[in-house]
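Take a look at the structure set out below.
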Amino acid sequence: MRRLNAPARENVVLVGFMGSGKSSVGRLVARTLNGRFVDTDRLVVDRAGREITEIFATDGEGYFRQEEGRALRSLLGGSRLVVATGGGIVTVPENVTALKALGFVVWLTASEQIIWERVSRNKKRPLLHTENPRETVRALLEKRNPLYEAAADLKVETTLLTHAEVAERICEAVKKGR
Ligand code: S3P
C-alpha cells in the first residue's frame with residue numbers, strides 16, 4: 001500500500017464501502033482542516049433533482065455511474081476540499097485516475113459485520129434491494145476491496161474507532177504531509 005506520498009495533499013478524498021462512515025468522518029475532517037466538505041452523491045442528486053433510489057430505478061446504475069464520474073471530475077482543480085464518495089466510485093477505472101489526481105485518497109474499512117449492521121438500518125441504497133442483501137454486501141466487498149486498496153494512499157480500519165478518532169487519524173496524516 002502506498003502511504004502518504006500522494007502528489008496532491010491539498011484535498012482529502014474518502015473512499016470505502018457503503019456504511020464505512022465517509023460522510024460523517026468527512027464533515028469532521030473538513031471542520032478540523034478548515035476545508036469544504038463535498039459529497040459526490042449529493043452533487044449527483046442536486047444536479048438530477050432526484051434521489052439516488054429514483055435515479056437507479058428510472059435510468060439504471062450505468063447512468064448513475066456516468067453522473068457520479070462527472071461530479072467527481074467537476075471537483076478537479078478545487079482546493080481544500082474534503083470529498084466523500086459513493087461506495088461504487090472505484091468500479092470505474094477513469095474514476096480511480098480522477099480520485100488520485102484530486103487528492104490524498106483515504107480508504108475507510110470496517111468489518112463485514114459492522115458494515116452490515118450499519119447499512120441494514122437504512123433502505124436508501126438501491127444496490128442492496130436484493131433478495132439476500134447480506135450476501136450482496138459480502139460479494140460486493142469481495143469485489144471492491146482490491147479496488148479501494150489500489151486507489152488509496154492511506155487505509156484506516158474503523159471497526160473499533162469512533163468517527164472522531166477516524167477523523168483525527170486522517171488529519172494527523174494530512175498535516176504531516178503538508
Ligand atoms: C453505492 C453507494 C452509495 C451511492 C449509491 C451506490 C455503491 O453511496 O453512491 O447508492 O455502489 O456502493 P454510499 O457509499 O455513500 O452509501
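As the structure lists them, so they are numbered: ligands from 1, and atoms in each ligand from 1.
Taking any N or O of K124, backbone or side chain, none lies under 3.5 Å from an N or O belonging to ligand 1. At least one N/O-N/O distance between R65 and ligand 1 falls below 3.5 Å.
Given atom 14 (O) of ligand 1, the protein heavy atom at minimum distance is K22 NZ, 2.6 Å. Of all protein heavy atoms, the one closest to atom 12 (O) of ligand 1 is R144 NH1, 2.6 Å. In terms of protein heavy-atom proximity, atom 16 (O) of ligand 1 is closest to R125 NE, 2.8 Å.
Near D41, with a cut-off below 4.0 Å to any heavy atom, the atoms of ligand 1 are 3 (C), 4 (C), 8 (O), 9 (O), 13 (P), 15 (O). Near L127, meaning under 4.0 Å from any of its heavy atoms, are these atoms of ligand 1: 7 (C), 11 (O). In summary, the atoms of ligand 1 found under 4.0 Å from a heavy atom of F64, numbered by their order in the structure, are 9 (O).
The side-chain contact (heavy atoms from CB on, under 4.5 Å) search around T97 returns none, not counting sequence neighbours. For the side-chain contact (heavy atoms from CB on, under 4.5 Å) test, residues two or more places apart in sequence or in another chain that qualify with E94 are V92.
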Inset, instruction - Under the salt bridge (Lys or Arg N to Asp or Glu O under 4.0 Å) rule, what do E112 and R134 come out as? Steps first, then yes or no, please. - result: CA-CA 9 Å; E112 190 182 318; R134 181 76 175 84; 2.7 Å; yes

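Checking G21, P126, G86 against atom 10 (O) of ligand 1, the nearest heavy atom belongs to P126.
Salt bridge status for R169 with E165: absent, with no side-chain N to carboxylate O gap under 4.0 Å.
N11 places a side-chain N or O within 3.5 Å of a backbone atom of G78 that can act as its donor or acceptor partner. Counting only distance, with no hydrogens or angles, the side chain of K155 and the backbone of W107 share no donor-acceptor pair below 3.5 Å.
Connection of V45 to M18 is established within a shared hydrophobic cluster, with ILVMFWY side chains joined at heavy-atom distances below 4.5 Å, either directly or through further cluster members.
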